[in-house]
Amino acid sequence: MAVKVGLLGLGTVGAGTAAILLDPAGRHPLMTDIEICRVGVRSLDKPRPVEISPDCLTTDLESIVTDPEVDIVVEVMGGLEPARSLILKAIHQGKHVVTANKAVIARYGDEIFTAANEAGVYVLLEAAVGGGIPVIQPLKQALGVNRIHAVTGIVNGTTNYILTRMQAEGGDFEPILADAQKLGYAEADPSADVDGLDAADKIAILASLAFGGRINLADVHSEGIRHVSAADIAYADQLGFVIKLLAIARRDTCPVSNEVLDQLELRVHPTLVPKSHPLASINDVYNAILIEGEPIGQVMFFGPGAGAGPTASAVVSDILSIAASLKSQGAVTTQAPNPLLACTHQHYCKVSPMADIVSRFYVRLLVEDQPGVIGELGTCFGNHAVSIESVVQIDLHNGVAEIVVVTHEVLEANFQTALDQIRAFPGIQTVPSVLRVL
Ligand code: HSE
């Protein structure tokens, strides 16, 4: 008996999903047993990029999630509502769910997975992070035997494209964003991407899987790339770094004893990445996720983080996993979910405040070019246990000097306290950039 799919949405990802399912030749043999039986669309009259029987189409999305024929509801409509309500309704109707919706999962994962566990159904989301890159399933399965120390990713293609162009062209953020919007690489409202919110959703999901606990999205510190300038990229380059928007989740350690703590660092921010680091060479719209664990060491997943084909590949892989599970049970419904596919945790992870994080910093200051300014800076940092790795005075014009300081690893609270005092020094004109260094 075929496994029946109800598709909510026939936009870019929905059409890509249908295209794969309607053309199973040369793919996994089980795909011939998967059938699209209902497709929810906004308008019945629009021309379709894929050939879907008109009998399958409906504008009544609720009728799909309540249809007794449907085994798997595939939510590829995006947005928070009605996506969240339809997912919950599908679960309550005993349907398995596949979704590409990182925003819904990052915000409502608790109620969705609690409902799914109660109903004995799967909610799979490979497409929600890293587009076509398989990373969710490896975290749940192949890497599940490791103790994960850190997940560090370039998980937003739009910002990676902008930063790559800023690096290559020596250009500033605003004109390159405008060009990226014209070329269709950035949305008309770019906020979710450039302010780090999309990456925050994604690292919350990855952290939840890597560290086996739920994540409160508000605990993810998130900074975007609007304040990264061509000057910072050029200085970083001279110092041996590239600037990337990193999403970081790591098990925290005590800064004094180095003991591993039962709490996480969760942060998204532009970061100076040493050119020798594996993530430094990930350019353009590509995504990559570096996972570090014991005993495996480092594994990096690289690939297309968006786009119809890659994202649909991830969606269909989830459909196939559920279909395989249902087939192996000899029925198309089950009340005993496979723990490698289901969500097995319920508690919330404890997350360290940013003040407790240990990191290196890059700071660029415009100062009056007069004796003693560098001395004052050094003394103030020293008084707050901030050890300086390098100080470079790179540019001089109109009696103004530009100073770039890179610190050793320091406690963020100490660094910020020192910097607040430094900002108030009479010789300091402005502090245009403060960035963290990997
Ligand atoms: N807007 C995302 C990005 C793609 O730029 O990576 C979808 O997750």
Side-chain angles (χ1 to χ4, degrees), residues 9 11-17 74-80 83 98-109 124-136 139 151-166 173 176-209 217 220 222-226 228 243-249 268-271 279 282-290 301-318:
T12 311
V13 179
T17 299
V74 177
E75 185 276 306
V76 280
M77 48 200 290
L80 294 181
V98 172
T99 177
N101 198 325
K102 70 229 144 199
V104 163
I105 294 296
R107 280 160 192 76
Y108 304 113
L124 301 191
L125 53 133
E126 187 62 67
V129 182
I133 305 171
V135 62
I136 302 285
L139 271 172
V151 178
T152 310
I154 294 174
V155 289
N156 183 268
T158 305
T159 45
N160 205 36
Y161 172 83
I162 293 171
L163 291 171
T164 303
R165 278 195 53 190
M166 287 173 71
F173 170 77
I176 291 179
L177 168 65
D179 200 45
Q181 286 171 315
K182 232 185 285 161
L183 295 169
Y185 287 109
E187 305 272 348
D189 176 0
S191 177
D193 292 319
V194 303
D195 294 325
L197 311 175
D198 172 80
D201 289 349
K202 290 169 177 168
I203 198 66
I205 292 170
L206 292 176
S208 172
L209 294 162
L217 188 59
V220 182
S222 109
E223 283 169 42
I225 64 164
R226 287 184 199 267
V228 176
I243 298 182
K244 296 287 182 193
L245 183 71
L246 293 191
I248 299 170
V268 172
H269 48 68
T271 313
L279 289 169
I282 308 305
N283 287 324
D284 301 312
V285 294
Y286 285 99
N287 284 194
I289 299 112
L290 178 71
F301 298 83
F302 164 80
T311 310
S313 161
V315 168
V316 180
S317 78
D318 281 342

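Excluded from the calculations below are hydrogen atoms, water molecules and symmetry mates; all remaining heavy atoms, backbone and side chain alike, are included. Atoms within a ligand are numbered from 1 in the order they appear, just like the ligands themselves. Please read these numbers as outputs of a predicted model, since none were measured by experiment.
- Counting non-hydrogen atoms of other residues, nucleotides and ligands closer than 6.0 Å to OH of Tyr286 gives a total of 12 or fewer.
- The local environment of OH in Tyr161 is crowded, with over 12 non-hydrogen atoms from other residues, nucleotides or ligands closer than 6.0 Å.
- Using a 4.0 Å cut-off between heavy atoms, Asn156 contacts ligand 1 through both its backbone and its side chain.
- In terms of modelled atom types and a separation under 3.5 Å, the side chain of Glu126 and the main chain of Ala314 share no donor-acceptor contact.
- Every atom of ligand 1 with a heavy atom of Asp198 under 4.0 Å away is listed here by number and element: 2 (C), 8 (O).
- Each of the following atoms of ligand 1 lies closer than 4.0 Å to a heavy atom of Gly157: 3 (C), 5 (O), 6 (O).
- Atom CG of residue Leu245 and atom CD1 of residue Ile225 lie 6.5 Å apart, to the nearest 0.5 angstrom.
- Residues Lys102 and Lys202 share a closest heavy-atom pair of CD-CE, 3.5 Å.
- Under 4.0 Å from ligand 1, not a single heavy atom of Glu187 appears.
- Looking only at heavy atoms of the protein, atom 5 (O) of ligand 1 is closest to Thr158 OG1, 2.5 Å.
- Taking every heavy atom of both residues into account, Ala186 and Leu177 meet most closely at CB-CD1, 3.9 Å.
- The Lys102 neighbourhood of ligand 1 comprises atoms 7 (C), 8 (O), with distances under 4.0 Å to a heavy atom of that residue.
- Summary of contacts: the protein heavy atom closest to atom 1 (N) of ligand 1 is Asp193 OD1, 2.9 Å.
- One distance of note links CG of Asn160 with CG of Asp284; it measures 7.5 Å at 0.5 Å rounding.
- Remark: distances from the non-hydrogen atoms of Lys202 to ligand 1 include one below 4.0 Å.
- Nearest protein neighbour of atom 4 (C) of ligand 1, counting heavy atoms only, is Ala306 CB, 3.8 Å.
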